> 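My questions all concern the structure below.
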Amino acid sequence: MTEPTESPALDAAQLHCRSLERALVRLRRDGLHRIADWGARLAAVLPAGGRLLAAGNGGSAAQAQHLTAELVGRYRRERPAFSAISLHAETSSVTAIGNDYGFDHVYARQVTAHGRPGDVLVLLSTSGRSTNLITAAMAGRAGGLRVWALTGPGPNPLAEAADDALCIDADSTATVQEAHLVAVHLLCEGFDAALAGPAGGAGHQAAHRTVGAHRRAS
């Protein structure tokens with residue numbers, strides 16, 4: 001263990017880093033299989049014409065937008081652009097819906113508008129208790145979307161409302177957000193790896209038939 005110093009700022013930094021190290025150890029131990037599975041599923045949905053929708057509040061909104069930027073742009077290697085939308089970035093829609101229907105519905109109404117069966121909805125919350133995200137999860141599942149949640153410690157209401165959840169076991173909001181950024185990058189890395197993998201083609205074709213049938217029917 002690092003010995004205390006005479007600098008409160010340095011002591012705080014040491015504590016912060018140790019907290020993050022512990023969270024990442026737990027993420028590596030308990031979360032990598034889930035993230036890899038999400039990446040593989042996403043690699044079957046997006047090339048087939050599906051879409052990823054993402055949302056969060058505050059710092060989690062920035063994390064959601066980071067994810068969509070990596071998919072529309074690129075993560076590491078060159079590849080096609082894929083459809084990914086950060087719902088909180090739709091400022092006119094957010095403010096209009098919030099004004100007319102209340103803040104609890106700013107994401108759910110957009111999910112209903114933009115989401116189609118087979119699409120993926122990613123919701124990020126350090127607490128897992130944000131009502132507007134829980135409402136969005138319920139709207140997504142009702143609309144046939146696959147709903148994934150990135151949250152803080154579980155159990156929590158958002159994790160329970162989603163189809164699947166990655167809950168970061170950490171004491172502070174900052175540590176949860178930092179671990180979420182790692183998870184976002186791992187999801188992008190898993191997506192790219194699955195996209196390039198030998199099994200990708202069959203998965204893409206199956207998802208194309210499923211997503212295409214849903215879109216023709218909608």
Side-chain angles (χ1 to χ4, degrees), residues 20 23-90 107 111 114-116 118-126 133 136-137 140 145-152 158-159 162-168 170 174-204 206-208 211:
L20 180 57
L24 292 180
V25 166
R26 289 189 288 266
L27 172 62
R28 183 178 182 183
R29 182 189 65 210
D30 302 329
L32 293 191
H33 287 291
R34 176 171 279 106
I35 296 172
D37 180 64
W38 288 3
R41 287 176 179 268
L42 204 58
V45 170
L46 297 188
R51 175 180 292 159
L52 180 139
L53 305 177
N57 297 305
S60 295
Q63 302 280 25
Q65 197 161 348
H66 189 130
L67 171 60
T68 58
E70 300 282 24
L71 294 172
V72 176
R74 67 181 181 188
Y75 176 61
R76 287 188 177 178
R77 63 177 62 95
E78 188 61 43
R79 54 157 168 72
F82 295 102
S83 181
I85 299 173
S86 293
L87 302 180
H88 61 274
E90 295 288 328
Y107 297 140
V111 169
H114 300 304
R116 299 293 182 269
D119 286 347
V120 173
L121 173 63
V122 178
L123 302 170
L124 298 92
S125 171
T126 56
L133 298 177
L145 283 73
R146 172 71 60 172
V147 181
W148 299 336
L150 283 168
T151 76
L158 180 58
D163 290 299
D164 200 7
L166 178 66
C167 301
I168 301 297
T175 301
V176 172
Q177 286 185 334
E178 289 154 3
H180 279 179
L181 178 56
V182 174
V184 163
H185 282 163
L186 292 175
L187 176 57
C188 293
E189 192 150 354
F191 170 72
D192 281 1
L195 203 63
H204 299 167
H208 180 78
V211 174

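Keep in mind that what you see is a predicted model, and the values were worked out from it rather than measured.
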> Can you measure from CG (Asp30) to CG (Leu166) and round to the nearest 0.5 angstrom?
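One finds 9.0 Å between CG of Asp30 and CG of Leu166.
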> Quick one, Leu87 and Val111 - any side-chain contact, counting heavy atoms below 4.5 Å?
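Result yes, sub-4.5 Å side-chain heavy-atom pair found.
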> Kindly compute the distance separating CG (Asp37) from CG (Asp164), expressed to the nearest 0.5 Å.
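The distance works out to 7.5 Å.
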> In this structure, which one of Thr126, Leu124, Leu20 forms a side-chain contact (heavy atoms from CB on, under 4.5 Å) with Val176?
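Running side-chain contact (heavy atoms from CB on, under 4.5 Å) over Thr126, Leu124, Leu20 with Val176 returns exactly one hit, Thr126.
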> Could you tell me which non-hydrogen atom of Ala162 sits nearest to which non-hydrogen atom of Trp148, and how far apart they are?
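Reported closest heavy-atom pair: CB-C, 4.4 Å.
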> Given side chains that start at C-beta, do those of Leu186 and Leu32 come closer than 4.5 Å, heavy atoms only?
yes
> Can you check side-chain hydrogen bond (donor to acceptor under 3.5 Å, both in side chains) on Ser60 and Ser125, steps first, answer last?
CA-CA 6 Å; Ser60 295; Ser125 171; 5.8 Å; no
> Check for a donor-acceptor pair, side chain of Arg79 on one end and backbone N or O of Gly73 on the other, with a separation under 3.5 Å.
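Yes, Arg79 side chain to Gly73 backbone: donor-acceptor pair under 3.5 Å.
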> Please tell me if the side chains of Arg41 and Val120 come closer than 4.5 Å, counting only heavy atoms from C-beta onward.
no
> Let me confirm one number: the CZ-CZ distance from Phe191 to Phe82, rounded to the nearest 0.5 Å.
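So the CZ of Phe191 and the CZ of Phe82 are separated by 4.5 Å.
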> Using a 3.5 Å distance criterion without hydrogens, assess whether the side chain of His88 forms a donor-acceptor pair with backbone atoms of Ala61.
yes
> Can you tell me how far CZ of Arg51 sits from CG of Leu71, rounded to the nearest 0.5 angstrom?
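Answer for the CG-CZ pair, Leu71 versus Arg51, is 13.0 Å.
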> In terms of ring plane angle, is the pair His185 and Tyr75 parallel, tilted or perpendicular, where the classes change at 30° and 60°?
tilted
> Is it true that Arg146 and Asp119 have a side-chain N and a carboxylate O under 4.0 angstrom from each other?
no
> For the CZ atom of Arg28 and the CD1 atom of Ile35, what is their distance to the nearest 0.5 Å?
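Spacing of CZ (Arg28) from CD1 (Ile35) equals 12.5 Å.
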> Under a 4.5 Å cut-off applied to non-hydrogen side-chain atoms, are Leu123 and Leu158 in contact?
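Yes - at least one pair of side-chain heavy atoms lies under 4.5 Å apart.
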> List the steps and the verdict of side chain to side chain contact (heavy atoms under 4.5 Å, CB included) for Val182 and Leu27.
CA-CA 9 Å; Val182 174; Leu27 172 62; 4.0 Å; yes
> Any donor and acceptor pair, going by atom type alone, linking the side chain of Arg34 with main-chain N or O of Ala165 inside 3.5 Å?
yes
> Do Leu52 and Leu46 have side-chain heavy atoms sitting under 4.5 Å apart?
yes
> Answer yes or no: is there an ion pair linking Glu78 with Arg74, defined by an N-O contact shorter than 4.0 Å?
yes
> Measure from the side-chain N and O atoms of Gln63 to the backbone N and O of Gln177, and report whether any donor-acceptor pair falls under 3.5 Å.
yes
> I need the minimum non-hydrogen distance between Trp38 and Ala149, along with the two atoms involved.
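For Trp38 versus Ala149, the nearest heavy atoms are CH2-O, 3.6 Å.
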> Between the main-chain N or O of Leu53 and the side-chain N or O of His114, is there a donor-acceptor pair closer than 3.5 Å?
no
> Nearest 0.5 angstrom please: Leu121 CG to Ile85 CD1, how far?
11.5 Å
